[in-house]
*Asks:* 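Quick one: the structure is below, questions incoming.
First listed ligand is number 1; within each ligand, the first listed atom is number 1.
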Amino acid sequence: MAQSPILSGVKCRLEPFAAQHLSARYVGWLNSPDVVRHSEQRHRRHDLASCKSYAASFDGSAHFFWAIIANDEALGHIGNINAYLDTANRVADVGIMVGEHAAWGRGYGTDAWLTACRYLLLDLNLRKVTAGTLANNLGMLSVMKRSGMREEGRRRRQALWEGVEVDMVEAGLMREELAAFLESGLKPD
Ligand SMILES: CC(C)(COP(=O)(O)OP(=O)(O)OC[C@H]1O[C@@H](n2cnc3c(N)ncnc32)[C@H](O)[C@@H]1OP(=O)(O)O)[C@@H](O)C(=O)NCCC(=O)NCCS
């Protein structure tokens, strides 16, 4: 994995994923139908070995994998966020999972997302961050919107979700757009 410092957000911090984050709690998120309902992980079962192997897939790569740690110590490790870098084009594709139900709808997803975007675009000087989600993942669409991302296109009827054809929404955020967005004062609650 590419080296990063611990990244501080408003409500949480992003720690480079390490052995202490590999837990039954994390495996439980991936096997929870509610958590993975709108994620491609819904098609798979997970265990500690598969999670360890996923974390190891970042070793020696240019990509990032962070644990999201809530400032509220009662919550602690609430999810993970990854960034796959395309170094030739200086872009990164980001994905997130807030696995703890108790943390949902409290601004952690948006804060973690903005923290990763700030690091990738403003510190690493990448040009652009991209992300994709099912069009019916209202939480993820809100996180994208609240982070200043713009919808760039749709893959029509791309996914089969609970027996229904659903579009995939592709979104992007350019470095200068994030800078302007942050200056506008729009921040997570
Ligand atoms: C999507 C996800 C990251 C949102 O995280 P979160 O911490 O709940 O997000 P926030 O608290 O920052 O909420 C952002 C907005 O989404 C809304 N929201 C969150 N979950 C929602 C849901 N299930 N349905 C509708 N809106 C939702 C919040 O109310 C908030 O709305 P606002 O902009 O009007 O204030 C989180 O629910 C998650 O990880 N889900 C499971 C995995 C997943 O789907 N990952 C994305 C795969 S592409």
*Asks:* Below 4.0 angstrom from a heavy atom of M97, which ligand 1 atoms are there? Numbered from 1 as shown, please.
*Replies:* 39 (O)
*Asks:* Any nitrogen or oxygen of G132, main chain or side chain, under 3.5 Å from a nitrogen or oxygen of ligand 1?
*Replies:* no
*Asks:* Please, which pairs that meet ring-ring contact (aromatic ring centres under 6.0 Å, His included) have at least one residue in residues 122-145, sequence neighbours excluded?
*Replies:*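 Non-adjacent pairs meeting ring-ring contact (aromatic ring centres under 6.0 Å, His included): zero.
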*Asks:* If the cut-off is 4.0 Å to any non-hydrogen atom of T110, which atoms of ligand 1 fall inside it?
*Replies:*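 Taking each heavy atom of T110 in turn, ligand 1 has 10 (P), 12 (O), 14 (C) under 4.0 Å.
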*Asks:* Do any N/O atoms on S39 end up under 3.5 angstrom from N/O atoms on ligand 1?
*Replies:*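 No, no N or O pair falls under 3.5 Å.
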*Asks:* Hydrogens and angles aside, do R175 and N125 bring a side-chain donor and acceptor to less than 3.5 Å of each other?
*Replies:* yes
*Asks:* Any side-chain to backbone donor/acceptor pair from R25 onto H77? Under 3.5 Å, distance only.
*Replies:* yes
*Asks:* So, do F17 and Y54 have ring centers that fall under 6.0 Å from each other?
*Replies:* no
*Asks:* Among M140, K11, E100, R37, which one has a heavy atom closest to atom 1 (C) of ligand 1?
*Replies:* M140
*Asks:* For G107 and ligand 1, answer yes if some heavy atom of the residue is under 4.0 Å from a ligand atom, otherwise no.
*Replies:*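 Contact present.
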*Asks:* If only atom types and distance count, is the side chain of N31 paired as donor or acceptor with the main-chain N or O of H46 below 3.5 Å?
*Replies:* yes
*Asks:* Closest by any non-hydrogen atom to atom 25 (C) of ligand 1: pick that one out of L138, V94, V35, D111.
*Replies:*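 The option holding the nearest heavy atom is L138.
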*Asks:* Kindly confirm or rule out an N or O of I96 lying under 3.5 angstrom from an N or O of ligand 1.
*Replies:*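 Between I96 and ligand 1, an N or O pair is found under 3.5 Å apart.
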*Asks:* Working to the nearest 0.5 Å, report the span between CG of D34 and CZ of R42.
*Replies:* 14.0 Å
*Asks:* Out of G109, C12, G139, whose heavy atom is nearest to atom 5 (O) of ligand 1?
*Replies:*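 Heavy atom nearest to atom 5 (O) of ligand 1 belongs to G109.
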*Asks:* Could you tell me, atom by atom, which parts of ligand 1 come under 4.0 Å of a heavy atom of R106?
*Replies:*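 Near R106, the atoms of ligand 1 are 11 (O).
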*Asks:* Within the 4.0 Å heavy-atom shell around T133, which atoms of ligand 1 are there?
*Replies:*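 The list of qualifying atoms is 48 (S).
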*Asks:* Checking salt bridge (charged side-chain N to carboxylate O under 4.0 Å, His left out) between E170 and each of R156, R154, R155, which is the one that passes?
*Replies:*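 So, applying the salt bridge (charged side-chain N to carboxylate O under 4.0 Å, His left out) to E170 and each of R156, R154, R155, only R155 qualifies.
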*Asks:* Answer whether the closest heavy-atom distance between the side chains of L114 and L178 falls below 4.5 Å.
*Replies:*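 They are in side-chain contact.
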